[in-house]
Amino acid sequence: MKDDLHFLRLWDLYSPLLTVTQREITDLYFNYDLSLGEIAEQKGVSRQSVSDCLGKCRKQLETYEEKLKFAKALEELSLEYSAYMTETGRWIAKMRDKSPQVRTDLDELEERLNGVHKEFDAETMDVDDGKIVGKVFRGEE
């Protein structure tokens, strides 16, 4: 399962670099949860050729990641973004009681940050009060 999640992350990033047939087979297997036999029947090939294709695709995607390191960079950015949002949320909560003008400015800042989250379809939990702030994609668990 952990390998499947890793593979799906790589597939999301690098699938355009696969052939059309490779994309179709990996999509059917991982996104539509079809068995090797079901895919083989649908594509008119043997179960072994589907298995070989999946194995080859895994190796190709790993090679792309080794060379480009895009998934690693996205994971690091996500973690950094999450840390900044948590820190900003705590600072806003702490400063809100300073004055009416500060409260108004902080409300505006919070609204802008929420707009960024909505624009990027983001969602994370603020640990302090359980409020949804936005979304950060996590690395392997």
Side-chain angles (χ1 to χ4, degrees), residues 1-98 100-141:
M1 183 69 160
K2 185 177 179 180
D3 287 341
D4 289 351
L5 290 174
H6 176 67
F7 176 77
L8 281 172
R9 273 192 203 94
L10 296 180
W11 189 84
D12 284 342
L13 295 170
Y14 301 118
S15 64
L17 302 175
L18 299 174
T19 67
V20 172
T21 301
Q22 288 173 325
R23 269 195 314 272
E24 288 173 356
I25 288 173
T26 53
D27 186 40
L28 291 170
Y29 186 76
F30 286 100
N31 294 324
Y32 291 94
D33 202 26
L34 296 183
S35 70
L36 297 180
E38 291 169 324
I39 296 169
E41 184 179 321
Q42 187 174 359
K43 300 303 263 176
V45 297
S46 69
R47 286 181 80 248
Q48 185 61 47
S49 65
V50 172
S51 178
D52 291 346
C53 178
L54 290 171
K56 183 178 179 181
C57 289
R58 284 181 190 272
K59 287 179 184 175
Q60 274 186 276
L61 295 173
E62 289 289 350
T63 300
Y64 294 144
E65 178 58 18
E66 286 173 16
K67 292 179 180 181
L68 301 173
K69 298 185 185 340
F70 191 54
K72 182 180 179 186
L74 285 176
E75 182 178 343
E76 290 171 359
L77 284 171
S78 177
L79 291 172
E80 188 174 334
Y81 173 80
S82 179
Y84 284 136
M85 290 309 300
T86 299
E87 186 177 328
T88 302
R90 287 180 180 152
W91 180 81
I92 287 173
K94 186 170 92 175
M95 298 302 291
R96 201 168 293 264
D97 296 332
K98 296 296 179 187
Q101 181 58 46
V102 169
R103 188 175 306 117
T104 301
D105 292 344
L106 290 175
D107 289 342
E108 183 180 320
L109 172 62
E110 191 170 38
E111 189 174 314
R112 285 183 184 178
L113 290 173
N114 287 333
V116 170
H117 295 307
K118 287 176 186 171
E119 183 177 338
F120 291 101
D121 190 27
E123 173 182 316
T124 43
M125 276 303 241
D126 182 336
V127 183
D128 290 337
D129 62 9
K131 178 179 156 188
I132 298 286
V133 186
K135 181 173 186 184
V136 176
F137 296 95
R138 304 272 180 227
E140 288 183 35
E141 298 185 13

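For Arg23 (side chain) and Leu18 (main-chain N/O), a donor-acceptor pair under 3.5 Å exists by modelled atom type. Checked by atom type and distance alone, the side chain of Glu65 never pairs as donor or acceptor with a backbone atom of Leu10 at under 3.5 Å. Remark: the backbone N or O of Ser82 is paired with a side-chain donor or acceptor of Thr86 at under 3.5 angstrom.
Among residues two or more places apart in sequence or in another chain, the salt bridge (Lys or Arg N to Asp or Glu O under 4.0 Å) test is passed with Arg58 by Asp4.
Interatomic distance, Leu8 CG to Leu61 CG, rounded to the nearest 0.5 Å: 10.0 Å. Atoms OG1 and NZ, on Thr19 and Lys56 in that order, are 7.5 Å from each other to the nearest 0.5 Å. Rounded to the nearest 0.5 Å, atoms CD (Glu75) and CZ (Arg9) are 7.0 Å apart. Rounding to the nearest 0.5 angstrom, the gap separating the OG atom in Ser49 from the CD1 atom in Ile25 is 6.5 Å. To the nearest 0.5 Å, atom CD of residue Glu62 and atom OH of residue Tyr14 are 9.5 Å apart. Leu28 contributes atom CG, which lies 10.5 Å from atom OG of Ser35 (distance to the nearest 0.5 angstrom).
Residue Ala40 comes nearest to Arg47 through the heavy atom pair CB-N, 3.7 Å, listed as atom of the first residue, atom of the second, then distance. In this structure, Ser15 and Asp12 approach most closely via the heavy-atom pair OG-O, 4.5 Å. Here the closest non-hydrogen pair linking Glu38 and Asp33 is OE1-O, 4.4 Å.
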For this session: Give the C-alpha distance, both sets of side-chain angles, the deciding distance and a yes or no for side-chain contact (heavy atoms from CB on, under 4.5 Å) between Glu80 and Tyr84.
Result: CA-CA 6 Å; Glu80 188 174 334; Tyr84 284 136; 3.3 Å; yes
Exercise. Yes or no on side-chain contact (heavy atoms from CB on, under 4.5 Å) for Phe30 and Trp11, after CA distance, side-chain angles and deciding distance?
Worked result: CA-CA 10 Å; Phe30 286 100; Trp11 189 84; over 6 Å; no
For this session: Take Leu34 and Gln42 through the side-chain contact (heavy atoms from CB on, under 4.5 Å) test and state the conclusion after the steps.
Result: CA-CA 10 Å; Leu34 296 183; Gln42 187 174 359; 3.5 Å; yes
Exercise. Going through the checks in order, is the side-chain contact (heavy atoms from CB on, under 4.5 Å) test met by Leu54 and Leu36?
Worked result: CA-CA 10 Å; Leu54 290 171; Leu36 297 180; 3.5 Å; yes
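For the pair Leu13/Tyr64, no side-chain contact is recorded, criterion being any heavy-atom separation below 4.5 Å from C-beta on.
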